Visitor: 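Provided herewith is a single structure, encoded as structure tokens, for subsequent inquiry.
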Amino acid sequence: MATQEIKKQSPKVYIDRPDHLSGGHRLCAGCGAPVILRQVLMGAGDSPVVISNATGCVEVSTTIYPYTAWKDSYIHSAFENAAATISGVEAALISLKKQGKVTEDFKLLSVAGDGGSYDIGLQAISGALERYHDIVILCYDNGAYMNTGFQRSAATPKGAWTTTSPVGKVRPGKNQQRKNLTEIAIAHNIPYVAQASPHNFRDLIYKAEKAFAAKGPAFLNVLSPCPRGWRSKESDSIQLAEAMVKSNYWPLFEVENGVYKINYDPKKRKGAVADWMKQQGRFRHLFTPENEWIVEETQEMTDYQWERLKAMEEATARFGTQEAAEAQEPAE
Amino acid sequence: MTHKDKTTKEMKWDISGIKNWGPGDHELGSIIPEAGNARYYHTGGWRTEFPIRDEETCTQCLFCYFFCPDSSVLAENQKVTDFDYDHCKGCGICAKECPADAITMHPESELAERVKK
Amino acid sequence: MAQTEVKTLAITGNGAVSLAMKQVDPDVVAAYPITPQTDVVQNFSQYVANGDVKAEFVTVESEHSAMSACIGSAGAGARTMTATSSAGYALMVEVCFVAASMRLPIIMTTVNRALSGPINIHCDHSDSMLGRDSGWLQIYNEDGQEAYDATVMSFPIAEHKDVRLPLMNMYDGFIISGAIGPLKPLSAEQVQQFIGQAPDYPKLLDAKNPVTMGPFDGLHGWYFEQKIAQNIAMENALDVIQDTYDRFYELTGRRYEHLMKYRMDDAEIVVVVANSAAGTARAVVDKLRNEGIKAGLIKLRTFRPFPVKLYAEALADVKVVGVMDRADSFGAPGGPLYMEVLTSLYQEGQCAKAVNFIYGLGGRDVFPQNIEDVYRRLDAIAKGEDAPRERIYVNAKGM
């Protein structure tokens, strides 16, 4: 199906799709990652999937030997190489299909957290996107190395407490603003890039479906609440994701053949970054007279990024012709 | 809340004696040959609170199905029917996100009695 | 038996190996270019560009991704090859351990080159010796013909049900990789017939039987047993390798063994050496034999698994053995090969005198005179001179 024909469906349509993940995995109660995985894999529909997974929370919790929560084929080899591993699976799929040794169609998904995507796995992701494999690369971004006990990553928000950006007498948590990985993916000129959140499941499933349908590589960056690392209540995970989206800190948008589209504009319902920061213990130290500037600065940065995103949507609206998309595709 | 003895009998890959498996007993390369067999591992024991859904208040918006981290909201014919208490960890997301307030959380100690009813 | 009228080609070591890869025509090659392996990747790219091979070629952005893609490909059920050298091998070592533990029969050519630093592009064996504990089968080759033959023989060995381990073939950078030598190739049909179809094993691309590969073993703990299983496979490989060598002899008349003995029948002083220096050593042995000195040579082929018993047997009646290592293990009793040979002797209760010679690091030349000096030293020790315990550096400056 051409990606343009894919529309958001009602929950009744999506609930009929198979659940590709079983219960009995050992991710923390209230973790956002399995919610994301279930929704993303609903985007694959009935198709069998091969999942390549980086070392991390999802990996260690879903495949505790001798149990696996994956109903599809799954491979994990190391932390930094999920995208390279799925590249090899794709090459094998092409080769074996050509020879008639494999007859089924498979969707190919690479899964890594922000550590395995923004940091140690960035090179492998960039290489895979440039080589134009027909794969989907998913980042579940919980904003730190949660699996090993909350160390900072390039996705950690400024001012956040982590165990390697601790709060001390002279430092108020992480010093730097986060990296914009979604924009880095966009710069690879691939057919489809999207940012999403599990609280808007129709939007995420729709984006995953588009990503799987795209001819070539697609990248999904999805906000993944982490009660343990965010120091938040287990039951608040989905509500927190929604609050972060409503503050425009994590805008929902997609870029199809270079054309930006904002999928959700909170307008009058717009919230402030302080709304969700106050609910997360990792930002508790920021609500003091000496540290409040970090909250203000994050708000300014967020507003600036949002304005820039809107400008990109306006500026790119006239591009994205079929010819431009085809020119980007590799030769046979 | 674990029913391991009952469910392990359905396993395609018999791991009942795995505690004592030697080098030659495993699949080569530690492959797990049965997809989704984590369902035989019960995480229900993690709960301190369990969810209950009020059938009459429920509008069947299905949000709880899509938000459950543990695939523990059961559905049939496009309708939510029950919870899978073998795997539900009691995070409470379903109750928090329910727009109709049809789901409520209750102390785990009351579960046995409530499920009987 | 030996084939009729095989045309002999004049071809570089890298040319010979890329020809073997073309004739094998695996399902997938994922590789990254590095000196001195570069021609292998370039040649294979040309085969792909010419439509001479069916293989999917993944032009990865690093060696780490090369091995990772190989893991994905082999895990998916495809016959998979790669090639590397030196720093590139070092970069992929993390995932080489993973490939072995996942029991994926990936075939890799490793053109031996020194590890940095200082950065040096020339031959020594420090790269492949870095991976001696990675769980890969390791075969060392003297020249282009051996490397070609070894590439063809790799598949029945690595894919054998009792082995199922990845395999790496070594030959010396520049000395062999870039130098033109004679090659008697097989026909593509002979190669295909010899390697046969890859056996079926659980794979990712089986929608009816999905599998999980590379699970987490941190809680219940069967890591230990999985490691023991890897060692059992290594032990099984000894027979499988020799059987494959024997089958290859039937086809080509070229005889291979785990260790290749030269004038060993009544030898009293013996050198053990790997790869291209063996050719020089044979000429030296001939010269010494003409003088009446009972010199012999053992050329190492199979390093993993290490054929302990065969070394002990071959050295049973030898007075002094000199082990020549083209890699060092800093702070260890000696180079890696020396330690393995010593252990083999000890395990069989033998106590021939043994001396370690470190040579050729970073491509330092090893001339016939250097090897003759080695034998003269062994001869002196055989006649009563003390055997030094410390390493002897061959052709090092200012020593």
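Here the structure is a predicted model, which is why all the values come from computation and not from measurement. Values reported hereafter were calculated over all heavy atoms of this structure, with side chains retained and with hydrogens, waters and symmetry mates removed. In what follows, every chain begins at residue 1, and chains take the letters A, B, ... in the order their sequences are listed.
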Visitor: Could you pull out all donor-acceptor pairs under 3.5 Å where a side-chain atom in residues 37-60 of chain A meets a protein atom, sequence neighbours excluded?
Guide:
{"unit_1": "R38(A)", "atom_1": "NE", "unit_2": "D19(A)", "atom_2": "OD1", "d": "3.3"}
{"unit_1": "R38(A)", "atom_1": "NE", "unit_2": "D19(A)", "atom_2": "OD2", "d": "2.9"}
{"unit_1": "R38(A)", "atom_1": "NE", "unit_2": "S71(B)", "atom_2": "OG", "d": "3.2"}
{"unit_1": "R38(A)", "atom_1": "NH1", "unit_2": "Y65(B)", "atom_2": "O", "d": "2.8"}
{"unit_1": "R38(A)", "atom_1": "NH1", "unit_2": "C68(B)", "atom_2": "O", "d": "2.7"}
{"unit_1": "R38(A)", "atom_1": "NH2", "unit_2": "D19(A)", "atom_2": "OD2", "d": "3.2"}
{"unit_1": "R38(A)", "atom_1": "NH2", "unit_2": "Y65(B)", "atom_2": "O", "d": "3.1"}
{"unit_1": "Q39(A)", "atom_1": "NE2", "unit_2": "P198(A)", "atom_2": "O", "d": "3.2"}
{"unit_1": "Q39(A)", "atom_1": "NE2", "unit_2": "F66(B)", "atom_2": "O", "d": "3.1"}
{"unit_1": "S52(A)", "atom_1": "OG", "unit_2": "A82(A)", "atom_2": "O", "d": "2.7"}
{"unit_1": "N53(A)", "atom_1": "OD1", "unit_2": "E59(A)", "atom_2": "N", "d": "3.4"}
{"unit_1": "N53(A)", "atom_1": "OD1", "unit_2": "Y74(A)", "atom_2": "OH", "d": "2.9"}
{"unit_1": "N53(A)", "atom_1": "ND2", "unit_2": "V111(A)", "atom_2": "O", "d": "2.9"}
{"unit_1": "T55(A)", "atom_1": "OG1", "unit_2": "H76(A)", "atom_2": "NE2", "d": "2.7"}
{"unit_1": "T55(A)", "atom_1": "OG1", "unit_2": "A78(A)", "atom_2": "O", "d": "3.3"}
{"unit_1": "T55(A)", "atom_1": "OG1", "unit_2": "F79(A)", "atom_2": "N", "d": "3.2"}
{"unit_1": "E59(A)", "atom_1": "OE1", "unit_2": "G56(A)", "atom_2": "N", "d": "3.3"}

Visitor: Which residues satisfy the side chain to side chain contact (heavy atoms under 4.5 Å, CB included) test with A144(A), sequence neighbours excluded?
Guide: M146(A), T156(A), T162(A)
Visitor: Side chain of H25(A), backbone of P69(B): donor and acceptor closer than 3.5 Å?
Guide: yes
Visitor: Please flag which part of D84(B) lies under 4.5 Å from any non-hydrogen atom of chain A: side chain, backbone, both or neither.
Guide: neither
Visitor: Chain B heavy atoms under 4.5 Å from I205(A): which part of the residue, side chain, backbone, both or neither?
Guide: side chain
Visitor: Aromatic ring centroids of Y67(A) and Y40(B) under 6.0 Å?
Guide: no
Visitor: Is it the backbone or the side chain of S72(B) that comes under 4.5 Å from a heavy atom of chain A, or both, or neither?
Guide: neither
Visitor: Just checking heavy atoms, which of residues 241-253 of chain A are less than 4.5 Å from chain B?
Guide: none
Visitor: So, does Q239(A) use its side chain to make a donor-acceptor pair with the main chain of K96(B) at under 3.5 Å?
Guide: no
Visitor: Applying side-chain hydrogen bond (donor to acceptor under 3.5 Å, both in side chains), name anything that partners T148(A), two or more places apart in sequence or on another chain.
Guide: Q151(A)
Visitor: Let me know if C88(B) has heavy atoms under 4.5 Å from chain A in its side chain, its backbone, both or neither.
Guide: neither
Visitor: What about H26(B) and Y65(A), are their ring centers closer than 6.0 Å?
Guide: yes
Visitor: Using a 3.5 Å distance criterion without hydrogens, assess whether the side chain of N37(B) forms a donor-acceptor pair with backbone atoms of T68(A).
Guide: yes
